[in-house]
Amino acid sequence: MNQTVVTRFAPSPTGYMHIGNLRTALYSYLTAKHAGGKFILRIEDTDRERLVEGATDVILSTLEMTGLSYDEGPGVGGEHGPYIQSERKDIYPKYAEQLVKSGHAYYCFCSKERLEQLHEEEANGGYDRHCRNLPAEEVARNLAAGIPYVIRQKMPTEGTVTYHDAVFGEISCECKELQDQILMKADGYPTYNFAHVIDDHLMGVTHVVRGSEYITSTPKYALLYDALGWERPTYVHLPLLMGKNPDGTVSKLSKRHGAVSFQDLVKDGYLPEAIINYIALLGWNPKKELAEQEFFTLDELKAAFSIEGVNKSPAVFDFDKMLWFNGEYIRRLSFEDFTERVKPFLRTDLPANIDRTLMLSLLHGRLAKLSEINDKIACFIEPCEYGTELFLNKKNKVTAENALPLLQSAYDILLGATEWTSDALFALFSAKAEELGVKSGALLWCARIALSGMTVTPGGATEIMAVIGREETMRRMEGGLAKFA
RNA sequence: GGCCCGUUGGUCAAGCGGCUAAGACAACGCCCUUUCACGGCGUAGACAUGGGUUCGAUUCCCGUACGGGUCACCA
């Protein structure tokens with residue numbers, strides 16, 4: 001009774017890892033790991049026309065980067081291999097033939113042309129079951145003549161099929177709604193519809209975790225289990241991930257919504273652990289005393305996860321919240337780790353005067369995603385072009401009249417500075433401000449404008465000074481003074 | 001269109017017959033501050049709708065509307 005939970009992630013190699021797919025992998029992984037079970041990776045590449053070079057590597061590296069390690073699968077092996085469907089090609093025909101013998105499937109010799117014509121004539125009719133009751137002799141004759149064929153599942157014509165879904169509950173379907181779907185294609189490969197059922201059973205999968213787009217086709221798969229005399233697995237269908245359209249409507253998350261593959265997100269400066277954390281919460285809530293917790297490590301997710309917490313309604317992927325999560329994760333990185341992680345994003349042509357470590361420590365708490373780094377540090381490399389009106393600032397009481405004197409004072413302070421650190425310089429400015437009877441903010445504002453040419457900078461005036469060094473500071477201050485000439 | 005599923009603020013989401021209906025992101029305001037960010041405080045904002053059931057419905061049932069999914073020799 002207390003059987004081991006076995007789940008799988010079975011993507012087809014399309015060349016990129018859709019974020020919705022990744023979430024499916026995550027939930028599948030968590031379902032198994034929460035119960036101390038096994039997680040299997042299987043590659044579904046039975047569509048020979050859509051093969052993409054290197055696509056499997058994308059899947060493997062994504063799982064590697066996110067920490068979703070699998071117990072069985074390509075590369076690691078296992079007792080149920082191979083784990084790539086094209087390498088299992090020989091396994092499927094005998095099950096298909098078994099179904100033909102038991103009356104649950106049949107050979108179909110209809111040409112693609114005929115099918116297409118059928119489709120045009122009757123918009124929603126589907127296959128007309130032309131070959132469903134072909135005499136045995138005719139089937140034998142066609143086979144002998146080498147006429148291409150497919151094998152179709154013979155659906156019951158009446159009654160209802162019902163299965164239990166761990167998330168959605170009882171789901172029923174009238175048998176007459178079911179199409180005689182193709183099990184084996186003319187090229188000898190099985191369809192997804194057939195292959196996944198065979199493989200799931202052979203691999204001992206107990207919980208089929210997948211997106212809810214499969215809800216309506218699951219009755220057909222359940223029937224297949226029944227026909228083969230196998231026990232049906234527990235179905236766990238997940239609510240879909242949606243994206244918001246410009247007009248306010250929502251639809252299945254896709255490329256038109258922006259960066260929706262794991263690779264896109266990482267390239268854009270999102271941290272894998274932030275991505276995992278965010279998508280874990282799209283469609284699932286830990287409930288109870290953890291209902292308000294937002295930050296979870298993978299291990300914490302393993303401990304907290306349960307299917308009861310999975311929602312039924314679709315969830316919209318919110319880039320704003322993803323960004324917030326990412327910023328939080330960046331801030332929580334150790335400085336060493338942060339330095340390592342921004343490195344690939346950071347321009348390599350930093351001028352020699354820049355104190356790189358100090359600069360990065362200033363940026364550590366100010367990035368929402370790593371890719372923002374170069375824009376944010378632009379003011380350290382070179383000040384922006386600006387006019388004297390930029391000095392004006394109401395809050396710090398800088399006016400057209402006092403801007404120049406203020407800037408001159410700031411310059412004089414720096415002339416006499418001995419210790420060139422942000423704290424020491426700041427102390428000097430404070431003292432001078434008091435002496436002059438102005439807000440220190442007024443002096444610092446003017447200095448910062450001269451230094452950067454911007455009203456918004458990552459760090460205050462004295463921090464910028466410390467980063468760019470004395471020589472460059474004086475050069476920029478002089479440049480600022482010259483604007484008034 | 002047929003079938004299936006869903007519906008708490010703009011978004012995520014708690015709630016599982018009785019609550020002033022949590023919390024987070026976003027928005028807005030204030031504070032902190034050397035600008036920004038961080039942080040603190042606060043404001044605004046939701047049970048799609050009509051009928052039941054019940055002493056009492058966001059919660060249970062039915063209809064309606066709206067949204068989504070699915071109807072391939074794709075997975």
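Source: prediction; values computed, not measured. Order of the sequence lines sets the chain letters (A, B, ...), proteins ahead of strands, with each chain counted from 1.
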*Gap between atoms CG and P, on A/Leu118 and B/C73 respectively (whole Å)*: 11 Å

*Looking at the side chain of A/Glu328, which of B/G39, B/U35, B/C73 is the nearest nucleotide?*
B/G39

*asked:* Roughly how many Å apart are B/G6 and B/U43, using the C1' atom of each and rounding to a whole number?
replied: 33 Å

*asked:* Is A/Lys287 close enough to B/A14 that one of its side-chain N or O atoms is under 4.0 Å from OP1 or OP2 there?
replied: yes

_A/Tyr107 six-ring face occupied by A/Arg132 cation (under 6.0 Å, within 45°)_ = no

*asked:* Suppose we define a pair by two distances each less than 3.5 Å, Watson-Crick or G-U wobble; what does B/G67 pair with here?
replied: B/C5

*Kindly say if A/Lys395 contacts the phosphate of B/U33, meaning a side-chain N or O under 4.0 Å from OP1 or OP2.*
no

*Length of the line joining A/Ile330:CD1 and B/A37:P, which is rounded to integer Å*: 16 Å

*Pull out every residue in residues 306-316 of chain A that has a heavy atom closer than 4.0 Å to any atom of RNA chain B, ordered by number, or say none.*
A/Asn311, A/Lys312, A/Ser313, A/Pro314, A/Ala315, A/Val316

*asked:* Regarding A/Ser12, tell me which of base, sugar-phosphate or nothing describes its non-hydrogen contacts under 4.0 Å with the strands shown.
replied: sugar-phosphate

*Rounding to the closest angstrom, what is the interatomic distance between B/A22 and B/G42 at atom P?*
14 Å

*Under 4.0 Å between any heavy atoms, over every strand shown, what does A/Glu292 touch: base, sugar-phosphate, or nothing? Just pick one.*
base

*asked:* Looking only at the side chains, is there a donor atom on one of A/Asn21 and A/Thr24 sitting less than 3.5 Å from an acceptor on the other?
replied: no

_If I pick the P atom on B/C12 and the same atom on B/C19, what distance separates them, to the nearest angstrom?_
26 Å

*A/Ser172 near the nucleic acid: base, sugar-phosphate alone, or nothing, with a heavy-atom cut-off under 4.0 Å?*
sugar-phosphate

*B/A14 and B/U7: how far apart are their P atoms, nearest whole angstrom?*
11 Å

_Once you apply a heavy-atom cut-off of 4.0 Å, does A/Cys110 come out as touching a base, just sugar-phosphate, or nothing?_
base

*asked:* Any N or O donor-acceptor pair under 3.5 Å from the base of B/U35 to the side chain of A/Arg448?
replied: yes

*Determine the interatomic distance between C1' on B/A46 and the same-named atom on B/G69; round to the nearest Å.*
25 Å

*Given that both distances must come in under 3.5 Å, which nucleotide forms a Watson-Crick or G-U wobble pair with B/U59?*
none

*Heavy atom of residues 423-434 of chain A under 4.0 Å from RNA chain B: which residues?*
A/Phe426

*When you measure from the side chain of A/Arg50, which nucleotide among B/C74, B/G67, B/C73 comes out closest?*
B/C74

_A/Lys255 NZ/CZ over A/Tyr16 ring centroid, <6.0 Å and within 45° of normal_ = yes

*Any donor-acceptor pair under 3.5 Å joining the side chain of A/Lys321 to the base of B/A24?*
yes

*asked:* Here's a test for you: under side-chain contact (heavy atoms from CB on, under 4.5 Å), which of A/Asp199, A/Ile91, A/Ile43, A/Asp47 qualifies with A/Gln85?
replied: A/Asp199

*Among the candidates B/U11, B/G69, B/A13, find the nucleotide nearest to the side-chain atoms of A/Lys244.*
B/U11

_Can you see whether A/Thr218 engages A/Arg210 through a side-chain donor-acceptor pair at a distance of less than 3.5 angstrom?_
yes

*Scan A/Gly248 against the nucleic acid and name what it touches under 4.0 Å (heavy atoms): base, sugar-phosphate only, or nothing.*
nothing

*asked:* Under 4.0 Å, counting only non-hydrogen atoms across every strand here, what does A/Leu443 touch: a base, just sugar-phosphate, or nothing?
replied: nothing

*Given that A/Thr457 and A/Leu281 both sit by RNA chain B, which one's nearest nucleotide is further toward the 5' end?*
A/Leu281

*Given B/C25, B/A14, B/G6, the nucleotide with the shortest approach to the side chain of A/Phe168*: B/G6

*Pair A/Ser313, A/Asn311: side-chain N/O donor-acceptor within cut-off below 3.5 Å*: no

_Side chains of A/Tyr221 and A/Asn193, donor plus acceptor under 3.5 Å_ = yes

*Whichever of A/Gly283 and A/Gly365 has its nearest RNA chain B nucleotide further upstream toward 5'*: A/Gly283

*Inter-nucleotide P distance (B/C47, B/G10), Å rounded*: 9 Å

*A/Leu238 CG to B/C12 P: how many Å, rounded?*
16 Å

*Just checking, any donor-acceptor pair under 3.5 angstrom between side chains of A/Asp318 and A/Tyr278?*
no

*Roughly, in whole Å, what's the span from CD in A/Glu44 to P in B/A75?*
8 Å

_Pair A/Asn277, A/Glu273: side-chain N/O donor-acceptor within cut-off below 3.5 Å_ = no

*Anything under 30° is parallel, anything over 60° is perpendicular, the rest tilted; go ahead and classify A/Tyr106 against A/Tyr127.*
parallel

*Exercise: do A/Arg50 and A/Ser12 side chains pair donor with acceptor under 3.5 Å*: no

*asked:* Which nucleotide wins on minimum distance to the side chain of A/Thr216, given the candidates B/G69, B/C25, B/C73?
replied: B/G69

*Rounding to a whole Å, what distance do you find between A/Lys394:NZ and B/U35:P?*
16 Å

_For the residue pair A/Arg232 and A/Tyr163, would you count it as a cation-pi contact if the rule is NZ or CZ under 6.0 angstrom from the ring centre and within 45 degrees of the ring axis?_
no

*Which nucleotide, in any strand shown, forms a Watson-Crick or G-U wobble pair with B/U54, with both distances under 3.5 Å?*
none

*Specify the separation, in whole Å, of atom CD1 of A/Ile279 and atom P of B/U11.*
21 Å

*asked:* With a 4.0 Å limit, can you tell me whether A/Lys185 has a side-chain N or O closer than that to the phosphate oxygens OP1/OP2 of B/C74?
replied: yes

_Proximity to the side chain of A/Tyr214 - top-ranked nucleotide from B/A75, B/U34, B/C5_ = B/A75

*asked:* Rounded to whole Å, how long is the line connecting atom CH2 of A/Trp324 with atom P of B/C12?
replied: 16 Å

*Considering only B/G23, B/U34, B/G68, which nucleotide approaches the side chain of A/Leu240 most closely?*
B/G68

*Any residue meeting side chain to side chain contact (heavy atoms under 4.5 Å, CB included) with A/Ile307, in chain and number order, not counting sequence neighbours*: A/Thr31, A/Ala166, A/Val167, A/His207, A/Val236, A/Phe305

*In the structure shown, which nucleotide is the Watson-Crick or G-U wobble counterpart of B/G42, with both distances under 3.5 Å?*
B/C28

*Provide, to the nearest angstrom, the distance between the CD atom belonging to A/Glu49 and the C1' atom belonging to B/A75.*
14 Å

*Minimum-distance nucleotide to A/Val250 side chain [options: B/G68, B/A75, B/A26]*: B/G68

*Counting side-chain heavy atoms from C-beta on, which of B/C36, B/A75, B/C5 comes nearest to A/Arg366?*
B/C36

_Using the P atom as the point on both nucleotides, what is the distance between B/C55 and B/G40, in whole Å?_
48 Å

*Can you tell which of B/C4, B/A75, B/U11 lies closest to the side chain of A/Ile215?*
B/C4

*Does B/A75 have OP1 or OP2 sitting under 4.0 Å from an N or O in the side chain of A/Thr46?*
yes

*Kindly indicate whether a cation-pi arrangement holds for A/Lys89 with A/Tyr189, taking the cut-offs as under 6.0 Å to the six-membered ring centre and within 45° of the axis.*
yes

*Scan A/Met242 against the nucleic acid and name what it touches under 4.0 Å (heavy atoms): base, sugar-phosphate only, or nothing.*
sugar-phosphate

